[in-house]
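Okay, structure first, notes after.
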Amino acid sequence: MPLEAHAAGEFGRLVRRTWANAEQDEVWTENPTPEALADLDAFLTKHAAVVQTDTAWTPARARSYYEELPARAKAIVREALRRGGVVPADALRAEDGKGLNGHANGLKTTLAKGVEKELWPRGMKQPVLGVGPGYGKVQGYRIRDEALPAFREGLAHLLDQHSGDA
């Protein structure tokens, strides 16, 4: 079974390994050769019980996710950040009261496409969730509590902007 233990990053691939009651070690490789990656994959597969993928949202991952989003999904993230992590649906609707159809689709598909492009590892939780009863129109959107600090830091420049797509 292949192990998803490394995530593409700005400087290389991050691998995190943990032991019971021990601190975490991180291993970075910069511009690894195909042979080095194959050796690392073999090692990680052999020791899968003690290897853990880092699936936390970081400021860099938040920026990357935002940059990959379609414009309508970016509006959700931008407005949620400006409003402390939650945005009501009415704040996103067009003046005619319509216009939310398809907004959330970009939030979901961008996460999946980012995994395929190796922008972040498999197992990342959807950072922005619809708020509502689970059927019909959403009442709004919220950034997950555990992801919000990373999005605030990674997209701080959006908080200072008051118009236009960033």
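Since we're looking at a predicted model, the values are computed, not measured.
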Least distance between heavy atoms, [X] atom then [Y] atom:
X: Pro121; Y: Arg61; answer: CD-NH2, 3.4 Å
X: Ala62; Y: Ala150; answer: CB-O, 3.8 Å
X: Leu107; Y: Ala73; answer: CD2-CB, 3.9 Å

message: Pair Tyr141, Leu92 - check side chain to side chain contact (heavy atoms under 4.5 Å, CB included), show working.
response: CA-CA 10 Å; Tyr141 294 91; Leu92 298 167; 3.7 Å; yes

field: Electrostatic pair Glu67-Lys74, nearest N-O below 4.0 angstrom
entry: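 Result for this pair is no, no salt bridge flagged.
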
message: Whether Lys113 and Glu116 form a salt bridge (side-chain N of Lys/Arg under 4.0 Å from carboxylate O of Asp/Glu) is what I want to check.
response: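 Looking at Lys113 together with Glu116, the answer is no, because their closest N to O distance does not fall below 4.0 Å.
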
task: Verify side chain to side chain contact (heavy atoms under 4.5 Å, CB included) between Val131 and Val138, making sure each step is shown before the conclusion.
output: CA-CA 6 Å; Val131 176; Val138 296; over 6 Å; no

Atom [atom1] of [X] and atom [atom2] of [Y]: how far apart are they, to the nearest 0.5 Å?
X: Leu129; Y: Ile76; atom1: CG; atom2: CD1; answer: 11.0 Å
X: Arg63; Y: Leu158; atom1: CZ; atom2: CG; answer: 11.0 Å
X: Leu155; Y: Arg82; atom1: CG; atom2: CZ; answer: 11.0 Å
X: Thr110; Y: Leu69; atom1: OG1; atom2: CG; answer: 4.5 Å
X: Thr55; Y: Arg122; atom1: OG1; atom2: CZ; answer: 12.5 Å

message: Do Phe151 and Val86 sit in one hydrophobic cluster, given that two such residues count as connected whenever their side-chain heavy atoms are within less than 4.5 Å of each other, even indirectly?
response: no

task: With side chain to side chain contact (heavy atoms under 4.5 Å, CB included) as the test, would you mind laying out the steps for Leu148 and Arg152 before giving the verdict?
output: CA-CA 6 Å; Leu148 187 55; Arg152 279 188 179 137; 3.4 Å; yes

message: Can you list everything that forms a side chain to side chain donor-acceptor pair (under 3.5 Å) with Gln126? Sequence neighbours excluded, please.
response: Tyr65

Using modelled atom types and a 3.5 Å cut-off, is there a donor and acceptor pairing between side-chain atoms of [X] and backbone atoms of [Y]?
X: Arg142; Y: Val87; result: no
X: Asp54; Y: Ala56; result: yes
X: Trp57; Y: Lys125; result: yes
X: Ser64; Y: Ala60; result: no

message: Go through it in stages, so that I can follow the logic: the residues are Val115 and Trp120, the test is side chain to side chain contact (heavy atoms under 4.5 Å, CB included), and I'd like the CA-CA distance, side-chain angles, deciding distance and then a yes or no.
response: CA-CA 5 Å; Val115 169; Trp120 41 80; 3.7 Å; yes

